[in-house]
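A short worksheet on the structure shown next.
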Amino acid sequence: MREAVVNAQDRLDLEELTRDLPTQRIGRRVYAYETIDSTMEVAHRLAQSGEPEGSVVVAEGQSRGRGRLGRRWLSPRSKGIYASVILRPPLKLSEVPRITLTEAVAGARAIQAEAGLNLEIKWPNDLLIRGKKVAGILTELNARLNRVRYIVVGIGINVNSTQGELPPRATSLAEELGRWVDRVKLARTLLIQLDQVYGQFLSEGFGPIVEAWRGFAHFLGRRIRVAAQGRAVEGQAVDLDSDGALVVRTDTGLMESLSSGEVLVVR
Ligand code: BTN
């Protein structure tokens with residue numbers, strides 16, 4: 001039996017979100033909130049108390065939504081999808097970037113399917129439409145002795161926000177389509193895609209995910225600058241390696257594998 005847990009002021013139609021959801025792992029339990037600080041906080045608390053893999057926390061709005069690299073994630077009420085998913089993959093710490101890329105593929109597929117728009121992924125996990133950011137993914141983990149205990153994957157999608165509610169260089173699906181977008185429908189598709197792509201990762205490994213990721217790749221082959229761990233690496237973006245790290249050929253011909261960082265396309 002699917003278990004749906006709602007807090008008293010829930011406004012998302014949780015029943016609609018979870019009804020006959022054809023997933024194996026993701027969304028077996030969904031915790032839906034009105035406005036909270038961050039779905040990441042709630043998901044971490046749940047995971048610490050033994051919440052099973054696949055549980056999802058969603059909120060109508062977030063007062064302290066967080067993004068990568070210590071940034072804020074603007075989360076206007078009822079305008080986006082703000083979700084955190086608890087995963088417990090059998091991975092070593094060094095393999096965690098694989099999860100980020102897996103979730104990016106699922107997010108891109110969900111948005112493409114629902115909105116019919118061409119999505120690109122800017123490594124590692126920014127989802128772009130026409131070069132503007134429409135969604136982001138944040139991966140946080142808890143580990144013990146080099147093994148992952150749990151991962152919380154946070155996904156934020158700008159759905160019905162207006163340009164004034166968005167940060168610079170960002171867009172929303174409504175801005176791109178010129179119409180209101182059904183968040184419940186999109187959230188359902190997102191949960192289904194997360195379930196499928198994560199399921200494929202567990203059963204077949206990372207190979208097919210990298211392949212799918214390349215299909216959405218934003219800048220492979222282009223000249224880029226990556227700010228990574230306090231230094232800048234410039235060169236040609238060559239490919240992803242088998243761990244999902246970005247391989248850059250620098251001007252001296254050196255191949256550098258970067259497991260995290262911020263990419264700027266130079267030309
Ligand atoms: C990024 O691109 O910087 C990642 C953004 C991740 C935002 C989501 S919204 C749901 C979850 N809760 C948060 O506070 N952040 C993530």
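The model shown is predicted, which means the values in this text are computed figures rather than measured ones. Both backbone and side-chain heavy atoms feed into the values below; hydrogens, waters and symmetry mates do not. When a residue number appears, it is its place in the shown sequence, counting from 1. Both counts, for ligands and for their atoms, begin at 1 and track the order of listing.
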Tell me which part of [X] gets within contact of ligand 1: side chain, backbone, both or neither, using heavy atoms under 4.0 Å.
X	value
Ile155	backbone
Asn125	neither
Ser84	side chain

- prompt: So, are Arg188 and Glu114 salt-bridged, with charged N and O less than 4.0 Å apart?
  reply: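 Looking at Arg188 and Glu114, the cut-off is not met.
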
Residue [X] vicinity, atoms of ligand 1 by number, heavy atom under 4.0 Å:
X	value
Ser38	12 (N), 13 (C), 14 (O)
Ala83	10 (C), 11 (C)
Ile137	2 (O), 4 (C)
Gly67	1 (C), 3 (O), 4 (C), 5 (C)
Gly156	7 (C), 8 (C), 9 (S)
Lys133	1 (C), 2 (O), 3 (O)
Gly65	14 (O)
Asp126	2 (O)

- prompt: Does the pair Gln236 and Arg223 meet the rule for a side-chain hydrogen bond (donor to acceptor under 3.5 Å, both in side chains), with working shown?
  reply: CA-CA 4 Å; Gln236 190 195 23; Arg223 187 168 177 85; over 6 Å; no

query: What do you reckon, does Arg66 put a non-hydrogen atom under 4.0 Å from ligand 1?
result: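 Under 4.0 Å: yes for Arg66.
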
message: Applying side-chain contact (heavy atoms from CB on, under 4.5 Å) to Ile121 and Asp126, what does each step give before you reach the verdict?
response: CA-CA 6 Å; Ile121 307 177; Asp126 285 352; over 6 Å; no

Between the side chains of [X] and [Y], does any donor sit under 3.5 Å from an acceptor?
X	Y	value
Thr35	Glu60	no
Tyr31	Glu51	yes
Tyr198	Glu53	yes
Ser84	Thr39	yes
Thr162	Glu165	yes

task: Provide, to 0.1 Å, the distance between atom 3 (O) of ligand 1 and the closest protein heavy atom, together with that atom's residue and name.
output: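 Among all protein heavy atoms, the one nearest atom 3 (O) of ligand 1 is Arg68 N, 2.6 Å.
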
- prompt: Closest non-hydrogen protein atom to atom 5 (C) of ligand 1, residue and atom name please, with distance?
  reply: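 Sorting protein heavy atoms by distance from atom 5 (C) of ligand 1 puts Trp73 CE3, 3.4 Å first.
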
- request: Would you check the N or O atoms of Arg64, main chain and side chain alike, for any that come under 3.5 Å of an N or O of ligand 1?
  value: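 No: no nitrogen or oxygen of Arg64 is under 3.5 Å from one in ligand 1.
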
query: Do any N/O atoms on Thr39 end up under 3.5 angstrom from N/O atoms on ligand 1?
result: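 Between Thr39 and ligand 1, an N or O pair is found under 3.5 Å apart.
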
message: Between Leu74 and Leu127, is there shared hydrophobic-cluster membership here, with clusters defined by ILVMFWY side-chain heavy atoms closer than 4.5 Å?
response: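 Each belongs to a different hydrophobic cluster.
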
message: Tell me the closest heavy-atom pair linking Val58 and Val30, and the distance in Å.
response: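 The pair with the smallest heavy-atom distance is CG2-CG1, 4.1 Å.
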
query: If hydrogens are left out, which of Glu41, Lys122, Arg72, Gln62 has an atom nearest to atom 13 (C) of ligand 1, that is, the closest non-hydrogen atom?
result: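 The residue whose heavy atom sits nearest atom 13 (C) of ligand 1 is Gln62.
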
message: Does Arg98 form a side-chain contact (heavy atoms from CB on, under 4.5 Å) with Asp243? I'd like the steps, not just the answer.
response: CA-CA 6 Å; Arg98 299 178 184 193; Asp243 280 327; 2.4 Å; yes

